[in-house]
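Data first, discussion second: the structure below is written as structure tokens.
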Amino acid sequence: MNLIFLGAPGSGKGTVAKKVTEKFSIPQISTGDLLREELKKDSRLSWELKSYMDSGKLVPDSIIVPMLKVRLSKKDCEKGFILDGFPRTIAQAELLGKEGVKIEKAVLFDVPMKEVYDRIVNRRTCKSCGAVYNILTIPPKKEGVCDKCGGELYSREDQRPEVITKRLEVYAKETEPLIEYYREKKKLIKVDANQIPEKVLQATIEKLRE
Ligand code: AMP
């Protein structure tokens with residue numbers, strides 16, 4: 001089963017994707033995570049990526065597409081995968097088709113824009129294991145410390161208010177048209193993501209099993 005998880009930054013699609021991978025035994029492929037791995041290297045490419053990502057802009061297709069192709073060619077993708085954060089434009093969706101990547105369903109995680117803004121501002125990520133918290137709704141037991149591994153919690157550069165605004169603008173302009181694109185292809189599944197994570201997960205699994 002090849003799936004796309006669609007939704008604004010902060011819609012919670014990545015968190016749900018992590019859980020769905022366990023249920024359906026298919027990997028989550030987050031292009032944001034692939035890029036953040038690359039950022040850890042001190043290379044010319046990583047500096048170029050940083051300038052796009054820290055300002056909330058999309059990274060050019062000439063960089064992200066080859067990275068994604070390498071990832072999709074790995075053995076764990078043979079039975080399917082969840083694409084989290086790709087495609088982000090109609091052009092990227094069409095590229096998938098040209099590459100012969102067949103998509104069964106595109107799941108839209110639907111949340112009001114005001115809600116996603118608040119979620120991102122309050123998000124904290126563990127530097128060591130990547131676990132995600134929300135200081136208001138899912139706080140760690142000890143402030144600034146990861147419950148799972150004791151790592152340090154931080155707010156990513158692209159979680160600054162002005163960058164969030166830019167990311168949401170880019171989403172509305174470039175990514176939202178994909179909703180209509182997949183609806184016309186009769187592949188769209190809509191999940192109400194404005195509820196607690198457990199309920200969003202449950203709704204997603206029910207809709208995927210239908
Ligand atoms: P995410 O973690 O999915 O919110 O992605 C973080 C950042 O990575 C985005 O703001 C973009 O700069 C970049 N990025 C992730 N996926 C893509 C993509 N499919 N196309 C272009 N840029 C991307």
Side-chain angles (χ1 to χ4, degrees), residues 2-18 20-21 27-41 43 45-72 77 81-99 101 103 106-111 113 115-127 129-134 154-179 181-182 193:
N2 298 345
L3 303 172
I4 284 171
F5 277 16
L6 264 181
S11 60
K13 60 183 180 353
T15 308
V16 176
K18 280 194 182 75
V20 173
T21 57
Q28 168 201 19
I29 299 172
S30 154
T31 43
D33 284 350
L34 287 180
L35 291 165
R36 281 185 286 275
E37 272 308 305
E38 194 60 45
L39 280 188
K40 288 182 191 161
K41 302 174 191 163
S43 61
L45 175 62
S46 70
W47 280 100
E48 195 185 339
L49 288 177
K50 200 169 155 47
S51 70
Y52 290 106
M53 294 169 74
D54 285 357
S55 57
K57 293 184 193 144
L58 291 183
V59 166
D61 287 355
S62 57
I63 299 178
I64 186 68
V65 173
M67 274 183 181
L68 181 65
K69 273 198 207 168
V70 170
R71 181 64 189 89
L72 289 179
C77 294
F81 46 78
I82 300 172
L83 281 182
D84 164 14
F86 192 100
R88 263 187 156 84
T89 61
I90 299 273
Q92 290 185 352
E94 290 183 336
L95 261 169
L96 283 177
K98 278 189 205 131
E99 293 292 330
V101 179
I103 299 299
V107 187
L108 170 67
F109 292 86
D110 198 26
V111 190
M113 281 297 168
E115 170 70 20
V116 290
Y117 182 93
D118 290 345
R119 283 189 193 178
I120 308 174
V121 172
N122 293 310
R123 183 185 280 176
R124 298 292 179 273
T125 310
C126 174
K127 262 190 185 161
C129 73
V132 177
Y133 297 84
N134 179 301
Y154 78 114
S155 181
R156 269 170 24 199
E157 193 57 30
D158 65 358
Q159 290 167 193
R160 284 184 292 123
E162 62 275 27
V163 185
I164 301 174
T165 306
K166 175 71 184 166
R167 286 166 72 197
L168 295 179
E169 272 171 26
V170 170
Y171 174 77
K173 184 162 173 264
E174 306 281 355
T175 311
E176 246 175 8
L178 286 170
I179 300 172
Y181 179 88
Y182 286 112

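Counting starts at 1 for both ligands and their atoms, following the listed order. Note: hydrogens, waters and symmetry copies are ignored here, and every other heavy atom, side chains too, is used. What you see is a predicted model; the values in this text were computed from it and never measured.
- Of all atoms in ligand 1, numbered sequentially from 1 with element shown, those under 4.0 Å from a heavy atom of T31 are 15 (C), 16 (N), 17 (C), 19 (N).
- Under the side-chain hydrogen bond (donor to acceptor under 3.5 Å, both in side chains) criterion, K69 pairs with E99, not counting sequence neighbours.
- For ligand 1, the atoms lying closer than 4.0 Å to a non-hydrogen atom of M53 are 7 (C), 8 (O), 12 (O).
- Checked for salt-bridge contact, E115 and R119 meet the test: a charged N lies under 4.0 Å from a carboxylate O.
- In the vicinity of R167, heavy-atom distances shorter than 4.0 Å reach the ligand 1 atoms 4 (O).
- Looking only at protein heavy atoms, the nearest one to atom 6 (C) of ligand 1 is R36 NH1, 3.5 Å.
- Nearest protein heavy-atom contact of atom 15 (C) of ligand 1 is R88 NH1, 3.3 Å.
- Checked by distance only, ligand 1 and Q92 come closer than 3.5 Å through their nitrogen or oxygen atoms.
- Classification of E37 and K40 as a salt-bridged pair holds, one side-chain N sitting under 4.0 Å from a carboxylate O.
- When all heavy atoms of R88 and L178 are compared, the pair lying nearest together is C-CD1, 3.8 Å.
- Among residues two or more places apart in sequence or in another chain, the side-chain hydrogen bond (donor to acceptor under 3.5 Å, both in side chains) test is passed with R160 by E157, E162.
- On a distance-only criterion, S30 and ligand 1 share no N/O pair closer than 3.5 Å.
- For atom 12 (O) of ligand 1, the closest non-hydrogen atom on the protein side is K57 O, 2.6 Å.
- Under the 4.5 Å side-chain criterion, counting only non-hydrogen atoms from C-beta, D84 is not in contact with T31.
- L35 CD1, 3.4 Å is the protein heavy atom nearest to atom 14 (N) of ligand 1.
- Residue V59 has at least one nitrogen or oxygen atom sitting less than 3.5 Å from a nitrogen or oxygen atom of ligand 1, judged on distance alone.
- When side chains are defined from C-beta on, E48 does not count as touching V59, because their heavy atoms never get closer than 4.5 Å.
- Evaluated for a ring pair (Phe, Tyr, Trp, His ring centres under 6.0 Å) with F5, the options F109, Y182, F86 yield exactly one hit, F109.
- Counting only heavy atoms of the protein, atom 19 (N) of ligand 1 lies nearest to G85 O, 2.9 Å.
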